[in-house]
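Every chain is numbered from 1, with letters handed out A, B, ... down the list of sequences.
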2 protein chains.
Amino acid sequence: MLGEPIRDRRAERREATKAEILDAAWAIAREEGLAALSLRDVARRVGMQAPSLYGYFDSKMAIYDAMYAQGCEQFVAAERWDQMTGDARHDIGLILRTMVQFCTADAARYQLLFQRTIPGFEPSPESYAISVAELDRLSAHLATCGLTEPGDIDMFTALGTGLTDQQISNDPGGDRWVRLIDDAVEMLVDHVEKKAARSKRPARSNGARNGRKAR
Amino acid sequence: MLGEPIRDRRAERREATKAEILDAAWAIAREEGLAALSLRDVARRVGMQAPSLYGYFDSKMAIYDAMYAQGCEQFVAAERWDQMTGDARHDIGLILRTMVQFCTADAARYQLLFQRTIPGFEPSPESYAISVAELDRLSAHLATCGLTEPGDIDMFTALGTGLTDQQISNDPGGDRWVRLIDDAVEMLVDHVEKKAARSKRPARSNGARNGRKAR
DNA sequence: GTCTATATCCAGATAGAC
DNA sequence: GTCTATCTGGATATAGAC
């Protein structure tokens, strides 16, 4: 009788082609803008005619969705939890730097993952789940760094996207905002510590809104 | 002889129609997404056929450009310099709150003014000049609040866009990040003061990276 | 100043031959 | 699995009548 082959060469080939298509899509998004993506351009770049793409993806939005999922997985892969030391300032700096560097490295990817600028696109539940899981992981790690209040996490993400956004919009390719990362970490941690100290002695700090430093 | 009329009713009517067209364009941008703007839709909304728009704007990009200029002017008009008191924390809070509220009030406007997501669009020099002038004014006012270093201003703008971005992307219509504004101001001002104190005594602070609070 | 008609082009998507 | 051919609809923009 015929033995089952170990590898499914058909499926492998198919996955490779899908990856090729997505690579082409990313290249166009980076060069022409995420919203400028067209099936014709993608097809031409991989040496196909546009209708052939439908053998691999159901629609243009399905391509966006696959790109979204891929971007999320790249984000997960970029994390460096193993380099955390237990020192809050070091670890928060590590996480923030990783985030900002990842985002500024590819503005189109940042736009797809973190902004809502493509009319009609929203990630499928499966793709979105990848992103939610990663955010949970991020929150958990930040909590071990002392960012335990929801507001602390939100301030952290605001700093991350703010530095990223300014860097991409106003100094693409440079480091004008990237180089503020260490400063931002110090600022954030100082602030969280100050708030923690204040909440320990709520009576003392009451009404003394300026002039005196906590601790 | 024929006296010159005081008012040019023709020109007035024309400007009014242009304004009507822009209003329609903004409405579509808000409802369907900035990138989803089409001349047909705009025309239909003002009761015209698409070609008639060319009597008022040279191209679709010219409409985007007029929207950009209009948005910049609205930003200028939203400023409340007259409410500044001279107290740094109050004034920085005022400016930051004004910025974030202005931006979150209209996500499409924020996208057009502060992000680069429309393929092929960039503001004309005349429109861009409005924006540059406003940024200069902003920097000058922030300088009177003690944000004198370029990095301080950059940190301020990063905080502003970060809070705005997160608010728009992850809690549209809510206030999850907006309510962090006061906290952010305190955090920023504390940090700037700490840096200023440190730079006054560079020798003492050298190597003492944590543990001791400045001042 | 606005219209109709049209030019030109491009988009996403489908049918069916090979 | 990829192609050609085509459908359908949309886009921006122009020409010219009224």
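Closest non-hydrogen pair, Thr144(A) versus His141(A), comes out as OG1-O, 2.6 Å.
Glu186(B) has a carboxylate O that lies under 4.0 Å from a charged side-chain N of Lys194(A), or vice versa, which qualifies the two as a salt bridge. Asp23(A) has no carboxylate O lying under 4.0 Å from a charged side-chain N of Lys18(A), or vice versa, which leaves the two without a salt bridge. Using a cut-off of 4.0 Å between Lys/Arg side-chain N and Asp/Glu carboxylate O, Glu12(A) and Arg9(A) are scored as not salt-bridged. Salt-bridge formation is not detected for the pair Glu20(A)/Arg45(A): no Lys NZ or Arg NE/NH1/NH2 atom is positioned less than 4.0 Å from an Asp or Glu carboxylate oxygen.
Nearer to the 5' terminus of DNA chain D, by closest-nucleotide assignment, is the contact made by Arg10(A) (compared with the other of Leu39(B) and Arg10(A)).
Looking only at distances, a side-chain donor or acceptor of Gln167(B) sits under 3.5 Å from a matching main-chain atom of Trp177(B). Checked by atom type and distance alone, the side chain of Glu15(B) never pairs as donor or acceptor with a backbone atom of Ala19(B) at under 3.5 Å.
Among the heavy atoms of the strands lying under 4.0 Å from Gly47(B) are primed sugar atoms or P, OP1, OP2 only; no base atom is included. Residue-level contact check: Tyr56(B) touches the backbone only, with heavy atoms under 4.0 Å from sugar-phosphate atoms and none from bases.
Between dA11(C) and Arg40(A), a contact under 4.0 Å exists linking OP1 or OP2 to a side-chain N or O.
With a cutoff of under 4.0 Å to any heavy atom of chain A, the contacted region of DNA chain D is bounded 5' to 3' by dG1(D) to dA5(D).
Residues passing the side-chain hydrogen bond (donor to acceptor under 3.5 Å, both in side chains) test with Asn170(A): none are found, sequence neighbours excluded. The side-chain contact (heavy atoms from CB on, under 4.5 Å) check on Asp41(B) picks up Ile28(B), Ser38(B), Arg44(B), with sequence neighbours excluded. For Asp91(A), there are no salt bridge (Lys or Arg N to Asp or Glu O under 4.0 Å) partners at least two apart in sequence or on another chain.
No side-chain donor from either of Thr161(B) and Thr164(B) sits under 3.5 Å from a side-chain acceptor of the other.
One can place OH of Tyr64(A) at 12 Å from C1' of dG12(C), the figure rounded to the nearest angstrom.
For DNA chain C, no neighbouring residue in residues 11-37 of chain B is found when judged by any heavy atom under 4.0 Å. Of the residues in residues 48-55 of chain B, Pro51(B), Tyr54(B) come within less than 4.0 Å of DNA chain D through at least one heavy atom, sorted by number.
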